[in-house]
Protein chains: 2
Amino acid sequence: MSLKRKNNKSTQVPEPTLRRLPGYLFFLEKVREKGVINISAPTIGKELKCDPTQVVKDLAVTGIKGKPRVGYNTYELCHALEEFLGFNRVNEAFLIGAGNLGTALMAYQEHQTLGIKIIAAFDVNEDKIGKHVGGIHVLEYNKLFHLSNRLDVKIAILTTPNNVAQDVAEDLVNCGVKAIWNFTHCNLDLPDNIIVEDISMSSFAAVLLRRLNDSEE
Amino acid sequence: MSLKRKNNKSTQVPEPTLRRLPGYLFFLEKVREKGVINISAPTIGKELKCDPTQVVKDLAVTGIKGKPRVGYNTYELCHALEEFLGFNRVNEAFLIGAGNLGTALMAYQEHQTLGIKIIAAFDVNEDKIGKHVGGIHVLEYNKLFHLSNRLDVKIAILTTPNNVAQDVAEDLVNCGVKAIWNFTHCNLDLPDNIIVEDISMSSFAAVLLRRLNDSEE
DNA sequence: ATATATTAAAGAAATAATTCTTTATTAAAA
DNA sequence: TTTTAATAAAGAATTATTTCTTTAATATAT
């Protein structure tokens, strides 16, 4: 994580909590479809196999109050969670680097249910420019600068080769991007106010392989 | 994380450390290519923008010792990290669910540098069976049971729709799989000895969108 | 050869997150 | 209407992780 973001730290929701919230949302949507009106924290905890007090604490960040002996209103909670997470808005995003991973993410439509909509992709490679994946065009990288002037896109998904990641990230910041979803293995050096969310497959592989090793003694 | 894995907990490396190790490895490989023989923890810390004592603690898990006033031997460290993480081995994996995300991961060859090699993909959809992506065949799901008898595959990548994820995961466990890389939004209910590594895009989206919201006050 | 500055290693303190405990609320039952 | 049981909320204790501090080692310069 970034070294310093002390400004509104006190009001900031802990990352572990944030990471758990979508899980609650998916579960609540499921039970709501079955017609459940109210659900208690202990019930949620049992289903999701986590501590019931943790559930209460996590859900408290949405501002929704539960009633003793009744629990939470599922409709209210779902709505509040979507609102809190921003999943019910359309947050437009650029994607840079239309290689294997990039086109994969373009084809993977599910971001839209997560409130993120890739509206354009960019690449420097002639072979990739003009392609059309999942309803998204791959444009020439230089067009990024023109387009970002007209559109107010705050999110970028970075799927370039590692060696150009830093340069591209700086370009993106200059284009007004405020948050970068970084799929490269680079640790980007950007101004403090830019949100960088690193999602390195290598970290996941590391944990998986090591734990597998551990379990085999 | 799973509720209980107290068996060798004392010897177990903390997850945050594990997640940082690939970053060190990539950086060290880079400087090693430039001919750097020795590197100190403070130097690594400066480059990777993290605490130098943290670097020392993290690298200590590999068993490699640094020398005062000299630092660590880059060759030794790279080798030890690869060995420790399992990145220098070929860990074979099955992939289940050849949809958008599944085929994406098949095309995304980079797993191989992370020690994970998808050797076969499976799906129930007729249209997908027989496909060939990134050198990997999509086989009929039922063939999984035969194939797992002959091959000793311990890792599975789960990219099915959410509603079948639990059933498929149970099949996988019955086929001898010990670790599941779970890309679905389900929290799988499996025996304690099975390693489950959840990588839900929704959690990442949640953190990104929320932090973006926070920064906009 | 000696002193010095740099550094790794080990341990302590601080911080963050989770789990446990208590309290207060409230719907349902008597 | 009163009692009871279930539950959310608030706070305390525990645990895990990170940062800080001290100590010991050693290559380089004097």
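Within every chain, numbering begins at 1; the chains are lettered A, B, ... in the order of the sequence lines, protein sequences first and strands thereafter.
- Evaluation of the ring pair (Phe, Tyr, Trp, His ring centres under 6.0 Å) rule for Tyr108(B) yields His111(B) as partners, not counting sequence neighbours.
- Under the ring pair (Phe, Tyr, Trp, His ring centres under 6.0 Å) criterion, Phe26(A) pairs with His185(B), sequence neighbours left out.
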Within the sub-3.5 Å range, which N or O atoms of nucleotides 26-30 of chain D have a protein N or O partner, and how far apart are they?
residue: dA27(D); atom: N3; partner: Arg69(B); partner atom: NE; Å: 3.0

Name the atoms and distances for all side-chain donor-acceptor pairs under 3.5 Å in residues 69-76 of chain A, with sequence neighbours left out.
residue: Asn73(A); atom: OD1; partner: Tyr75(A); partner atom: N; Å: 3.0
residue: Asn73(A); atom: OD1; partner: Glu76(A); partner atom: N; Å: 2.8
residue: Thr74(A); atom: OG1; partner: Val36(A); partner atom: O; Å: 2.7
residue: Thr74(A); atom: OG1; partner: Ile37(A); partner atom: O; Å: 3.1

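- Sorted by first then second residue, the salt bridge (charged side-chain N to carboxylate O under 4.0 Å, His left out) pairs that include residues 154-173 of chain B, not counting sequence neighbours, are Glu216(A)-Lys154(B), Asp152(B)-Lys154(B).
- For Ser200(B), the side chain to side chain donor-acceptor pair (under 3.5 Å) criterion is met by Ser202(B), Ser203(B), not counting sequence neighbours.
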Going by atom type alone, with no hydrogens or angles, which donor-acceptor pairs under 3.5 Å involve a side-chain atom of residues 80-88 of chain B and a protein atom two or more places apart or on another chain?
residue: Glu83(B); atom: OE1; partner: Asn88(B); partner atom: ND2; Å: 3.1

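- Here dA8(D) presents its P atom at 13 Å from CG of Asp58(A), a figure rounded to the nearest Å.
- In the set dT19(C), dA8(C), dA8(D), dT19(C) carries the atom at the smallest distance from any side-chain atom of Gln54(A).
- If you measure from atom CD of Glu15(A) to atom P of dA17(C), you get 9 Å, rounded to the nearest angstrom.
- In this entry the distance linking CD1 of Ile44(B) with C1' of dT7(C) reads 12 Å, nearest Å.
- Between the Gln166(B) side chain and the Asp189(B) main chain, a donor and an acceptor come within less than 3.5 Å of each other.
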Nucleotide N/O of nucleotides 10-12 of chain C paired with protein N/O under 3.5 Å:
residue: dG11(C); atom: O6; partner: Lys57(B); partner atom: NZ; Å: 2.6

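- Of the possible polar contacts, none joining the Asp58(A) side chain to the Thr17(A) backbone as a donor-acceptor pair under 3.5 Å is found.
- Between Leu59(B) atom CG and dA9(C) atom P there is a gap of 9 Å when expressed in whole angstrom units.
- For Ser148(A), there are no side chain to side chain donor-acceptor pair (under 3.5 Å) partners at least two apart in sequence or on another chain.
- Identified under the side-chain hydrogen bond (donor to acceptor under 3.5 Å, both in side chains) test for residues 34-46 of chain A, with sequence neighbours left out: Ser40(A)-Thr43(A).
- Rounded to an integer number of Å, the gap from CD1 of Ile39(B) to C1' of dT6(C) is 15 Å.
- Listed nucleotides: dT19(C), dA8(D), dT18(C). Nearest to the side chain of Asp51(A): dT19(C).
- Across all strands shown, Pro42(A) has heavy atoms under 4.0 Å from sugar-phosphate atoms exclusively, and none from any base.
- One finds no side-chain N or O of Arg20(B) lying less than 4.0 angstrom from the OP1 or OP2 phosphate oxygen of dT17(D).
- Nearest-nucleotide positions on DNA chain C place Tyr72(B) closer to the 5' end than the other of Thr17(A) and Tyr72(B).
- Residues of residues 23-38 of chain B having a heavy atom closer than 4.0 Å to DNA chain D: none are found.
- For residues 94-108 of chain A, no pair satisfies salt bridge (charged side-chain N to carboxylate O under 4.0 Å, His left out), with sequence neighbours left out.
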